[in-house]
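Encoded as structure tokens, the structure appears first; notes follow it.
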Amino acid sequence: MNKRLAVFGGRFDPFHNLHLAIVRRAAADLPVERVVVIPNGSPPHDTVNASWHHRLKMASIGCSSETKVEVAALEPEGFPCRTIDTLAKLSTRGTVPILIVGSDAFAKLTSWWRWRNLLTAVNWAIVPRNSTNWLPDQPELKEHIDANQVDVSDQLANGSGKVWAWPKPLGKISASDIRRRITVANRGWTELMPTGVAKYVQKNGLYGDVRLKKL
């Protein structure tokens with residue numbers, strides 16, 4: 001019997017404390033046995049700064065102490081990252097995965113590959129970004145949410161196409177702000193990510209020459 005999974009994909013450029021908070025809350029709050037973290041190789045809608053190899057390693061370091069979390073190398077660099085195709089690679093036969101996304105990403109779902117199929121193929125756990133008013137403007141998404149939103153995360157254990165959201169944002173850290181802090185001032189960034197990840201960034205000189213700064 002396959003284990004029920006939650007899937008959390010992203011650039012993780014770099015992996016930071018909010019990412020870690022999300023996977024921890026997912027492991028605790030969602031009706032799943034595992035949370036699978038998938039760094040995007042070549043995301044079709046975004047650019048990346050660090051290579052996929054570095055981003056995969058940072059995610060692995062950041063999640064290393066989480067017993068219910070695994071980092072999967074399912075979207076290698078140089079290939080289109082289409083979520084519905086990636087989910088097909090997971091061993092989810094007999095279960096419906098829960099896809100964890102930020103509210104800003106969910107609002108852009110209509111630009112994703114085969115988004116209507118994806119919308120009903122999984123259950124959704126939404127992470128509000130800036131407020132509890134996370135509902136998208138797109139009418140078709142609004143209609144789906146009206147018919148399928150649930151109030152309790154345990155309801156994601158059955159059916160598909162269901163939508164649940166954490167009641168409030170889980171943090172306000174952004175990867176773009178961390179990169180800016182590194183490249184512009186080289187300060188105020190180490191405390192925004194797990195210590196092991198900060199050391200990896202320093203060792204490899206990612207996002208700027210930070211190798212001379214002692215952590």
Task: Geometric cation-pi criterion Arg82 and Trp113, 6.0 Å radius, 45° cone - done: yes
Open item on the list: Per the ring-ring contact (aromatic ring centres under 6.0 Å, His included) rule, what does the pair list look like for residues 17-39, sequence neighbours excluded?
Closed with: Phe12-His19, Phe15-His19, His16-His19
- [ ] For Ala121 and Val96, work out which heavy atoms get closest and say how close.
- [x] O-CG1, 3.5 Å
Task: Pairs meeting criterion side chain to side chain donor-acceptor pair (under 3.5 Å) with involvement of residues 47-57, two or more places apart - done: Asp13-Asn49, His54-Tyr200
Task: Thr86-Glu75 side chain donor-acceptor pair, cut-off 3.5 Å - done: yes
Task: Rounded distance [0.5 Å steps], CZ in Phe8 versus CG in Leu5 - done: 15.5 Å
TODO: State whether the side chain of Arg11 and the backbone N or O of Asn40 hold a donor-acceptor pair below 3.5 Å, judged by distance alone.
DONE: no
- [ ] Give a yes or no on whether the backbone of Arg129 and the side-chain of Ser103 come within a donor-acceptor separation of less than 3.5 Å.
- [x] yes
Open item on the list: Please give me the minimum heavy-atom distance between Gly196 and Ile61, naming the atom from each residue.
Closed with: C-CG2, 3.5 Å
Task: Nearest heavy-atom neighbours spanning Val7 and Pro97 - done: CG2-CB, 4.4 Å
Task: Trp124 versus Leu109, closest heavy-atom pair with distance - done: CH2-CD1, 3.7 Å
Task: CD1 on Ile145 to CD on Glu140, rounded to 0.5 Å - done: 11.5 Å
Open item on the list: Any carboxylate oxygen within less than 4.0 angstrom of a Lys/Arg side-chain nitrogen, looking at Lys89 and Asp85?
Closed with: no
Open item on the list: Less than 4.0 angstrom from a charged side-chain N to a carboxylate O is my criterion; do Arg34 and Glu70 meet it?
Closed with: yes
Open item on the list: I need the full list of side chain to side chain donor-acceptor pair (under 3.5 Å) pairs touching residues 145-157, with sequence neighbours left out, sorted by first then second residue.
Closed with: His144-Asn148
Task: Cluster overlap Tyr207 with Val48, hydrophobic side-chain contacts below 4.5 Å - done: no
Open item on the list: Tell me whether the count of non-hydrogen atoms from other residues, nucleotides or ligands lying under 6.0 Å of CD in Glu191 goes above 12.
Closed with: yes
- [ ] Keeping the roles fixed (side chain from Lys162, backbone from Asn123), state whether a donor-acceptor pair exists under 3.5 Å.
- [x] no
Open item on the list: Which heavy atom of Met58 sits nearest to which heavy atom of Val197, and what is that distance?
Closed with: O-CG2, 3.4 Å
TODO: For the pair Glu66 (side chain) and Val69 (backbone), establish whether a donor and an acceptor sit closer than 3.5 Å, ignoring hydrogens and angles.
DONE: no
TODO: Any chance you could measure Ile22, atom CD1, to Leu18, atom CG, to the nearest 0.5 Å?
DONE: 4.0 Å
Open item on the list: Check this for me: Lys68, atom NZ, are more than 12 non-hydrogen atoms of other residues, nucleotides or ligands nearer than 6.0 Å?
Closed with: yes
TODO: May I ask you to decide if Val122's main-chain N or O and Ser160's side chain share a donor-acceptor pair within less than 3.5 Å?
DONE: no
